[in-house]
Amino acid sequence: MAAKKSGKTLELPAVLDLNEASALRDKLLSVRGNPLAIDASAVERVGALCAQVLMAAEKTWGQDKQSFTFSKVSDAFHKTMQLVGVDIDHLLAKEIRQ
């Protein structure tokens with residue numbers, strides 16, 4: 001996790017499975033209250049529970065009136081999120097929107 005002037009960046013691991021869900025929640029809670037950019041460029045697999053954790057975080061950041069975006073996403077991450085019915089296009093940084 002690297003700090004930026006405008007907030008924090010959280011780099012996601014290659015595998016976001018059931019075993020990673022609690023760790024992901026803890027990482028997100030540790031940066032709550034700050035603008036957050038998620039770097040999902042290394043993600044190869046996403047489980048439904050981690051997708052839920054990320055979407056719950058997006059809602060929480062919205063309630064906290066903080067920015068929550070995906071600064072980079074892998075094709076696997078983007079396609080898997082679409083397959084599980086989660087549209088993240090509105091959360092993508094303007095530079096990577098298709």
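Quick note: residue numbers are just sequence positions, from 1. Computed from a predicted model, the values in this text were never measured in an experiment.
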Give the table of side-chain donor-acceptor pairs shorter than 3.5 Å for residues 13-24, with sequence neighbours excluded, one pair per line with atom names and distance.
from	atom 1	to	atom 2	distance (Å)
D17	OD1	N19	N	3.2
D17	OD1	E20	N	3.2
E20	OE2	K27	NZ	3.4

Is there a chain of hydrophobic side chains (I, L, V, M, F, W, Y, each step under 4.5 Å between heavy atoms) that links V73 to V84? yes
Drop me the distance from Q66's CD to R32's CZ, to the nearest 0.5 angstrom. 10.0 Å
Working to the nearest 0.5 Å, report the span between OG1 of T60 and CG of L36. 11.5 Å
With rounding to the nearest 0.5 Å, note down the distance linking NZ in K8 to OG in S67. 14.0 Å
Name all pairs fulfilling the ring-ring contact (aromatic ring centres under 6.0 Å, His included) condition that reach into residues 17-37, sequence neighbours left out, sorted by first residue then second. none
Would a 4.5 Å heavy-atom cut-off, applied to side chains only, mark L10 and V31 as touching? no
Under the ring-ring contact (aromatic ring centres under 6.0 Å, His included) rule, what pairs show up with a residue in residues 16-69, not counting sequence neighbours? W61-F68, F68-F70
Interatomic distance, NZ@K79 vs CE@M81, rounded to 0.5 Å, equals 15.5 Å
Side-chain donor or acceptor of D87 paired with backbone N/O of D89 under 3.5 Å: yes
For residues 37-58, please give each side-chain donor-acceptor pair under 3.5 Å, one per line with the distance, not counting sequence neighbours.
from	atom 1	to	atom 2	distance (Å)
D39	OD1	S41	N	2.9
D39	OD1	S41	OG	2.6

Any ring-ring contact (aromatic ring centres under 6.0 Å, His included) involving residues 17-59? Give me the pairs, sequence neighbours left out, ordered by first then second residue. none
Return the CG to NE2 distance between L83 and H78, rounded to the nearest 0.5 Å. 11.0 Å
